[in-house]
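Below is one structure, written out as structure tokens, with a few remarks after it.
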There are 2 protein chains.
Amino acid sequence: MGDVARHAGVSAMTVSRVLRQPELVNKDLRLKVEAAIRETGYIYNLVASSLASQRSGTIALILPTVASSIFSDSVKGVADVARTRSVQMIMAETNYSSAEEEKVIESLLRRRPDGFIIVGVSHTRATRTMLEKSGVPVVETWDSTSTPIDSLVSLSNFDAMKAMTASLAQQGFRRIAFVGTVTRDRRAQMRAKGYMAGLAEAGLHEAVIFNARDVTSMGAGAEVAAQIIAASPRPDAVICLNDVIAAGVLLALQRAGLHVPRDMAVAGFGDFDFARHLIPALTTVDIPRYEIGQRAAEILLDRVEGKQPRPYTCEVSYRITVRESTERCARSK
Amino acid sequence: MGDVARHAGVSAMTVSRVLRQPELVNKDLRLKVEAAIRETGYIYNLVASSLASQRSGTIALILPTVASSIFSDSVKGVADVARTRSVQMIMAETNYSSAEEEKVIESLLRRRPDGFIIVGVSHTRATRTMLEKSGVPVVETWDSTSTPIDSLVSLSNFDAMKAMTASLAQQGFRRIAFVGTVTRDRRAQMRAKGYMAGLAEAGLHEAVIFNARDVTSMGAGAEVAAQIIAASPRPDAVICLNDVIAAGVLLALQRAGLHVPRDMAVAGFGDFDFARHLIPALTTVDIPRYEIGQRAAEILLDRVEGKQPRPYTCEVSYRITVRESTERCARSK
DNA sequence: AACCAATTTGTTAGCGCTAACCATTATCTG
DNA sequence: CAGATAATGGTTAGCGCTAACAAATTGGTT
């Protein structure tokens, strides 16, 4: 920067101003400095800038997993906002584990991000303390809670899944099973509980829950399909934790010779891209995934810039999207 | 850090050593310092560290898009290596545009990453110059070239698609069409050229190419399916730029009442998770997506740490995986 | 005992920027 | 036209670490 300053015959401070608040610099001088920057091929050093200004210009995004379509739209939402407001997003994954989350957040905190966006509201005590002590704004997402760390983009997995269960019950399905997972992931648990509540309210049978090996591969859904077929009595509908599992189940059922929805209806969660294209098209809970990321990022950056001085909570809606995979079409009984 | 040092009754430098090269510090002292860190709740500042040590401990990953399953396994590969070798990965997307890539790389360079992993080998002149001048190690991936910027994890999209075309021709398909895209994305172009070369070599007809609106949504595949069905003469096989498009085409063909593969075979590229689960299971080119990311990251970090003093090129293999969607089963002619 | 090398800790001087303040000049006010 | 006000640029002193070197201590050797 000193080099550029010399080239333009000004002080380093003026160069710094041209780069950060050009409106404070006289136009002629500014042009001269900009020319000097081009001539010297100078590349601004944000590391030094971050240290001096105590602002890193980064926001951290904590996800259960990056290698899945589940969160990719939310990531895109965050990334788009980050770009327009010129901050850099850094991502890390927790593999659905609070312990890993704690490690990951501690490690990211060392980079002094200006804020955190976290998927989920369930954290270890240490994580919470660490974040609170650091004074960094935090936006939690994809779940609901009455005690957010700071801000929240709320989504009630419980309500959504309860609504889906109610919808199927109302359509006349009488043995509705659920495919979940054994992990301690809170969003998965809330969905399972929503299912149970929905069943109870409809006055149907006891909950029937199958567990998938993991929640990000169709293979896990396909595996569990065998158990579902073998179950006695056999369910007439299955609600899956998410669309990936649902697709795995749906395709495996078909492969086993069952007709969906005649022999068994299948519903998912998330309304992923492929849901509407499957044959039969998948009934699912439509979640505004992109919007969750977008709003979280906007709230976070407003917090960072002080435009939003207080923690802020908002809620995103969900919608039951009924498609062919649960249509009781030509069924008698 | 001074605070911790006082607590432990040592100098700041010793604290720094405990954090970065604990083996250089006497065990007793080290334990005392570690206790002091815990007591004070000290969080190491990597921003200051980066500035002082001229190493940021980050690697940049440049992708066409983050919101798609296409690269998510490669991202995972990079992320896993990054974690074990304790560097942070920062990602940015180019939207399949060299101009955006240039902007994105310039912007990332300001953060002084220790290295770059870039999907693709086609860049603007300015991008290349910038990277070379910066002296940062670069690994290009997912494409092949004889003039890499630095290191390369090579994949021949041309060869792979040519092999797929040859495979279909050999299976007896006689009118093989291709679904590509109109963008100037080099990997897409090479795949199209590979298809054309394969056709030519098989001595079949002229190339028949359809274009999808985008390459990351099934909807784009579904749209193009209508054109394919209307084409005259109608192809008996379609090779798609990737599995997402292929799935869109396959499902739309079925929805239009065609039988796959009897009326038309469909092949994809990438062997995404869903390919083997679709009905019929999708014939595709199996690419080691995770491995590409993994190897790129390993090579890059070896370059960063000086373990690998010279640019290094390696190649990953592909495999034609024939599944039901192109099986000429019960077809007469 | 004198010497050397290895081991361990401390000291100094930045890394490349910017916050906060000061100095200068132009512009306005009554 | 004095005096206040803005607009503009420069100075100084760090931000919180670490590279490089210096110093002190230990142990082994002759």
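We name chains A, B, ... by the order of the sequence lines, and we start the count at 1 in each one. The structure displayed is predicted, hence computed values, not measured ones.
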Hey, does [X] reach any base, or is it just sugar-phosphate, or nothing, if we go heavy atoms under 4.0 Å?
| X | result |
| --- | --- |
| A/Arg20 | sugar-phosphate |
| B/Leu46 | nothing |
| A/Val25 | sugar-phosphate |

- Message: Closer than 3.5 angstrom, by distance alone: can the side chain of B/Glu93 be matched with the main-chain N or O of B/Val66 as a donor-acceptor pair?
- Response: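 Judged by distance alone, yes, a pair lies under 3.5 Å.
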
- B/Val138 backbone acceptor or donor facing B/Asp150 side chain under 3.5 Å: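 At least one qualifying donor-acceptor pair exists.
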
Between atom [atom1] in [X] and atom [atom2] in [N], what is the gap in whole Å?
| X | N | atom1 | atom2 | value |
| --- | --- | --- | --- | --- |
| A/Gln21 | D/dT8 | CD | P | 13 Å |
| A/Glu23 | D/dA7 | CD | P | 12 Å |
| A/Leu24 | D/dA6 | CG | C1' | 13 Å |
| B/Asn26 | D/dA24 | CG | P | 19 Å |
| B/Met1 | D/dA19 | CE | C1' | 14 Å |

- Message: Distance under 4.0 Å to a non-hydrogen atom of chain B counts as contact; along DNA chain C, which nucleotides mark the start and end?
- Response: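 It runs C/dT8 to C/dG16.
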
- Start at the 5' end of DNA chain C and walk down; is the nucleotide closest to B/Ala48 or to B/Thr14 reached first?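 The residue closer to the strand's 5' end, by nearest nucleotide, is B/Thr14.
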
- Output, in order, the C-alpha distance, side-chain angles, deciding distance and verdict of side-chain contact (heavy atoms from CB on, under 4.5 Å) for A/Ile118 and A/Leu131. CA-CA 11 Å; A/Ile118 306 178; A/Leu131 285 171; 3.8 Å; yes

- Message: For A/Phe116, give me all partners under ring pair (Phe, Tyr, Trp, His ring centres under 6.0 Å), at least two apart in sequence or on another chain.
- Response: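 So A/Phe116 forms no ring pair (Phe, Tyr, Trp, His ring centres under 6.0 Å) with any residue.
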
- Query: Side chains of A/Asp214 and A/Thr216: do they bring a donor and an acceptor to under 3.5 Å?
  - Reply: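 The answer is yes; a qualifying pair exists.
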
- Pick the nucleotide of DNA chain D nearest each of B/Asn45 and B/Met13; which residue has the one closer to the 5' end?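 By nearest-heavy-atom nucleotide position, the 5'-most residue is B/Asn45.
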
- Query: Does a sphere of radius 6.0 Å around OH in A/Tyr312 hold more than 12 heavy atoms from other residues, nucleotides or ligands, not counting ones at 6.0 Å or beyond?
  - Reply: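 Not buried by this count: 12 neighbours or fewer within 6.0 Å.
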
- Message: Using the rule side-chain hydrogen bond (donor to acceptor under 3.5 Å, both in side chains), only one of A/Glu101, A/Arg186, A/Glu102 pairs with A/His123; which is it?
- Response: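 Only match with A/His123 under side-chain hydrogen bond (donor to acceptor under 3.5 Å, both in side chains): A/Glu101.
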
- Item | Terminal axes of the helix from C/dA1-D/dT30 to C/dG30-D/dC1 (five pairs each): angle between them, nearest 10 degrees |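 Computed from the C1' atoms at both ends, the axes differ by 30°.
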
- Among A/Leu63, A/Ile287, A/Val153, whose side-chain contact (heavy atoms from CB on, under 4.5 Å) with A/Trp142 holds?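 Result for side-chain contact (heavy atoms from CB on, under 4.5 Å) with A/Trp142: A/Ile287.
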
- Stepwise side-chain contact (heavy atoms from CB on, under 4.5 Å) test for A/Arg112 and A/Gln54: CA-CA 8 Å; A/Arg112 299 294 188 268; A/Gln54 303 289 71; over 6 Å; no

